[in-house]
Amino acid sequence: GAVVSQHPSRVICKSGTSVKIECRSLDFQATTMFWYRQFPKQSLMLMATSNEGSKATYEQGVEKDKFLINHASLTLSTLTVTSAHPEDSSFYICSASPGTGVQETQYFGPGTRLLVL
Amino acid sequence: AQSVTQPDIHITVSEGASLELRCNYSYGATPYLFWYVQSPGQGLQLLLKYFSGDTLVQGIKGFEAEFKRSQSSFNLRKPSVHWSDAAEYFCAVGAGGYQKVTFGTGTKLQVIP
């Protein structure tokens, strides 16, 4: 089946630093990738949608200058949390889809836990 | 805007017992509905989905769900739970199929011997 990986699985950083999270589709080409954020005991919140070679589309309330998304190839998307602060601590999950149609399946990565001290 | 409510945060069942996880949604048109399972260290896995047609949907791992428009519900069921089913389960609704999905807050399932 389709596999999506994330790296790192866990990261701890100091306040003010930037952190990059990678999302890779291992056995398929991901036309569309999604980034979610999950707070404890809360649901996944969609942050942004990115299509390969295009700028990401951010959801309302998500700061695009803080959460930089790059979908440079059909197998890799990166999320960079710039100047991270403790309130950015969360569980970040990516998913990838081989197409853009409404019935294209999303395959999820295992998530990255970010802790900002 | 669509929304999903999973009223049960945590459920405990005995192995071999039946299971029903509740999900209610809010959406103005015919919804696309999903159930996902999340195990520790693993990504969300799609159990089943409803787009149209038969309102009783069969999924993987012996799960099924029934879409009831009159009740705005999409409850997940399994006749006999196995210890390996212990995980967190998310119901989701899509406004445009997979492309704009809203998740519920999840139900954590514990299975006791």
A:Phe39, part contacting chain B, at a heavy-atom distance under 4.5 Å: neither

For A:Gln6, is it the side chain, the backbone, both, or neither that has a heavy atom closer than 4.5 Å to a heavy atom of chain B? neither

A side-chain contact here means heavy atoms from C-beta on lying under 4.5 Å apart; do B:Val4 and B:Asn24 qualify? no

Is B:Tyr89 close to B:Trp35 at the side-chain level, that is, under 4.5 Å between some pair of heavy atoms? yes

Under 4.5 Å, counting heavy-atom pairs only, tell me which of B:Gln45, B:Gln38, B:Lys108, B:Gln6 racks up the most with chain A. B:Gln38

Using 4.0 Å as the upper bound for N to carboxylate O, is an ion pair formed by B:Glu20 and B:Arg22? no

Quick one: does any side-chain atom of A:Tyr58 pair with a main-chain N or O of A:Phe67 as donor and acceptor, under 3.5 Å? yes

A:Leu44 portion near chain B, given a 4.5 angstrom heavy-atom threshold: both

